[in-house]
Amino acid sequence: MRIGEVARRAGVSVRALRYYEEQDLLRAERSSGGQRRYPDSAVGRVQLIQQLYAAGLPSRSVREVLRSVYAGTVEPGLLDRLESERARITTRITELLAARDRLDGVIATTRNPPPACARGRARGGPAPSAAHG
């Protein structure tokens, strides 16, 4: 299968496929004219690569996961690194949820300011900043 067809079927750019080759995540054979030729399995592999990147894994970890998936064995330490990455993502999610909750509070206060804040603006005073609300 040619590079354009793999890209179309997998929903990625040709540039992404070239990058995956540079990162040793995907291999293609070359025709006598130098064109890349991929096996039919390349589409599924590219989709897996996309999922692993979307999960926030760096190329090194993606490479290790791919080796494990296709070899049917798990490299030493891989599960520990994946669990560590999952914990990092969970921490980041918790931080983002807290930030969203704070922003919701600011939005609610801005929409319906307490009476003291509304009186200050009515007298021509400056609007209170979000940091003080």
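Hydrogens, waters and symmetry mates are skipped; everything else that's a heavy atom, side chains included, is used. Index from 1, following the sequence.
- No more than 12 heavy atoms of other residues, nucleotides or ligands sit less than 6.0 Å from atom CZ of R2.
- Both L79 and Y70 sit in one connected hydrophobic cluster of ILVMFWY residues. Membership requires side-chain heavy atoms under 4.5 Å apart, directly or through other members.
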Legend entry - Derivation and outcome, side chain to side chain contact (heavy atoms under 4.5 Å, CB included), residues V46 and Y38: CA-CA 11 Å; V46 169; Y38 295 91; over 6 Å; no
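- The CZ atom of R37 sits 8.0 Å away from atom CD of E5, with the distance rounded to the nearest 0.5 Å.
- Listed by chain and residue number, E64 satisfy the side chain to side chain donor-acceptor pair (under 3.5 Å) test with R81 (two or more places apart in sequence, or in another chain).
- L26 approaches A42 most closely through the heavy-atom pair CD1-CB, 4.2 Å.
- The minimum heavy-atom distance linking S13 with A7 is given by the pair C-CB, 4.0 Å.
- The CZ atom of R27 sits 4.5 Å away from the CG atom of D24 when rounded to the nearest 0.5 Å.
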Solution key, residues 91-106 side-chain donor-acceptor pairs under 3.5 Å, sequence neighbours excluded:
| unit_1 | atom_1 | unit_2 | atom_2 | d |
| --- | --- | --- | --- | --- |
| T91 | OG1 | A87 | O | 3.1 |
| T94 | OG1 | T90 | O | 3.0 |

Legend entry - Full working for salt bridge (Lys or Arg N to Asp or Glu O under 4.0 Å) between E83 and R86: CA-CA 5 Å; E83 288 171 350; R86 185 182 192 287; over 6 Å; no
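- By the neighbour-count criterion of 12 heavy atoms within 6.0 Å, atom CZ of R30 is densely surrounded, having more than that number from other residues, nucleotides or ligands.
- Between the R45 side chain and the L25 main chain, a donor and an acceptor come within less than 3.5 Å of each other.
- Taken from CD1 in I3 to CD in E21, the straight-line distance is 6.0 Å, to the nearest 0.5 Å.
- Ring geometry for Y19 against Y53 counts as tilted: the plane angle lies between 30° and 60°, on a 0 to 90° scale.
- Linking Ile, Leu, Val, Met, Phe, Trp and Tyr whenever their side-chain heavy atoms come within less than 4.5 Å leaves I89 and L52 in two separate clusters.
- Side-chain contact between I49 and V12: absent, with no pair of heavy atoms (C-beta onward) separated by less than 4.5 Å.
- Put simply, the side chain of V62 does not reach to within 4.5 Å of the side chain of Y20, judged on heavy atoms.
- T73 contributes no side-chain N or O that, together with a main-chain N or O of S68, makes up a donor-acceptor pair within less than 3.5 Å.
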Inset, instruction - Give the C-alpha distance, both sets of side-chain angles, the deciding distance and a yes or no for side chain to side chain contact (heavy atoms under 4.5 Å, CB included) between V43 and M1. - result: CA-CA 10 Å; V43 173; M1 192 178 324; 4.1 Å; yes
